[in-house]
Amino acid sequence: MQTPNQRLLIVDDDEMFCHVLSRSLTRRGLEVVVANDADQALALAAQHMPTMATLDLKLENSSGLKLLPELLAVVPHCHVVVLTGYSSIATAVEAIKLGAVNYLCKPVDADDVLTAFERSQGDPNIEVADNPPSINRITWEHIQKVLQEHDGNISATARALGMHRRTLQRKLQKRPVRH
């Protein structure tokens, strides 16, 4: 997948993560540009026409899911991998429906990112878990689904879930439970 003409756009509001990933991917021969917000991402995409992009799901003032179709409208042939520290089945499904080629849970390194671009096709031989997810994981998934249905609006999501807004905010600040 790596050729000298490959341009990668990293869109993430974590500047240290961007710096480390950018430096590592540049060493592997990619031309890398970094954007820390949606507006900057769209401007850099139009200017540099990247062939690949990593897109953080949770940007400081925006959602990577909202930015994804806008980014692909600017650079339709760009392969996008969504990265997140707040993974859920709902957001993974939506990211793929919106045009992402892959979805990775942070933490990730340069090798993980490159592998995600190389493995943009589905794998019918992937292992199916023997055990169902834990009740905590199911709760996390449900909250993420309802949050997505309410376009990230915390107050509307809290009302739909029948919980206090502050309680929901506390739950959302925690990392998702594994399985």
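Note that this is a predicted model, so its numbers are computed, not measured.
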For the pair S24 and R28, evaluate side chain to side chain donor-acceptor pair (under 3.5 Å) and give the outcome as yes or no after the intermediate values.
-> CA-CA 7 Å; S24 188; R28 287 169 170 79; 2.6 Å; yes
With the threshold set at 4.0 Å, does a side-chain nitrogen-carboxylate oxygen contact exist between D12 and K106?
-> yes
Minimum-distance pair of heavy atoms, taken over all atoms of K58 and D56 = O-OD2, 3.1 Å
Rounded to the nearest 0.5 Å, the OG1 atom of T54 sits from the CG atom of L25 at a distance of 8.0 Å
Which distance, rounded to the nearest 0.5 Å, do you find between the NE2 of H79 and the OG1 of T51?
-> 7.5 Å
Main-chain N/O of E94 paired to Y103 side chain as donor or acceptor, under 3.5 Å = no
Taking the side chain as C-beta and beyond, is there a heavy-atom pair between L168 and I143 under 4.5 Å?
-> yes
Find the distance between CE (M52) and CG (L8) and round it off to the nearest 0.5 Å.
-> 5.0 Å
Heavy-atom closest pair, residues A160 and V146 | CB-CG1, 3.9 Å
Report yes if the side chains of V75 and L9 come closer than 4.5 Å at any heavy-atom pair, otherwise no.
-> no
Point-to-point distance, once rounded to the nearest 0.5 Å, from CD of Q47 to CD of Q40 | 10.5 Å
How about T91 and S88: does a side-chain donor come under 3.5 Å of a side-chain acceptor?
-> yes
T115 side chain near D112 side chain, heavy-atom distance below 4.5 Å | no
If Ile, Leu, Val, Met, Phe, Trp and Tyr residues are connected whenever their side-chain heavy atoms lie under 4.5 Å apart, and connections chain through other members, are V108 and L57 in the same group?
-> no
Quick one: do V34 and V82 end up in the same hydrophobic cluster if we chain Ile, Leu, Val, Met, Phe, Trp and Tyr together by side-chain heavy atoms under 4.5 Å apart?
-> no
Nearest heavy-atom approach of L67 to A41 is CD2-CB, 4.0 Å
Can you sort out the partners of H48 under side chain to side chain contact (heavy atoms under 4.5 Å, CB included), two or more places apart, ordered by chain and number?
-> R7, E31, V33, L44
Shortest non-hydrogen separation from P69 to L65 and the atoms involved | CD-O, 3.1 Å
Without swapping roles, check the side chain of N36 against the backbone of E15 for a donor-acceptor pair under 3.5 Å.
-> no
Between L55 and L114, is there a shared hydrophobic cluster once you connect ILVMFWY residues whose side-chain heavy atoms come closer than 4.5 Å?
-> no
Are the side chains of F117 and V81 in touch, meaning some heavy atoms are under 4.5 Å apart?
-> yes
Can you find a pair of side-chain heavy atoms, one from L147 and one from L172, that are under 4.5 Å apart?
-> yes
NE2 on H19 to CD1 on I10, rounded to 0.5 Å | 11.0 Å
Hey, could you give me the CG/OG1 distance between N136 and T139, rounded to the nearest 0.5 Å?
-> 6.0 Å
Is the number of heavy atoms from other residues, nucleotides or ligands under 6.0 Å of L161 CG greater than 12?
-> yes
Would a hydrophobic clustering, with Ile, Leu, Val, Met, Phe, Trp and Tyr connected at side-chain separations under 4.5 Å, put V101 with L21?
-> yes
Any idea which heavy atoms bring K145 and A90 closest together, and the distance?
-> CA-CB, 3.9 Å
Where is the tightest heavy-atom contact between L68 and G99, given as atom of each residue plus distance?
-> CD2-N, 4.2 Å
Do V113 and L30 belong to the same hydrophobic cluster, where Ile, Leu, Val, Met, Phe, Trp and Tyr are linked whenever their side-chain heavy atoms lie under 4.5 Å apart, directly or via other members?
-> yes
Is any side-chain heavy atom of D37 less than 4.5 Å from a side-chain heavy atom of N61?
-> no
Would you indicate whether E70, at its atom CD, is surrounded by more than 12 heavy atoms from other residues, nucleotides or ligands within a distance under 6.0 Å?
-> yes
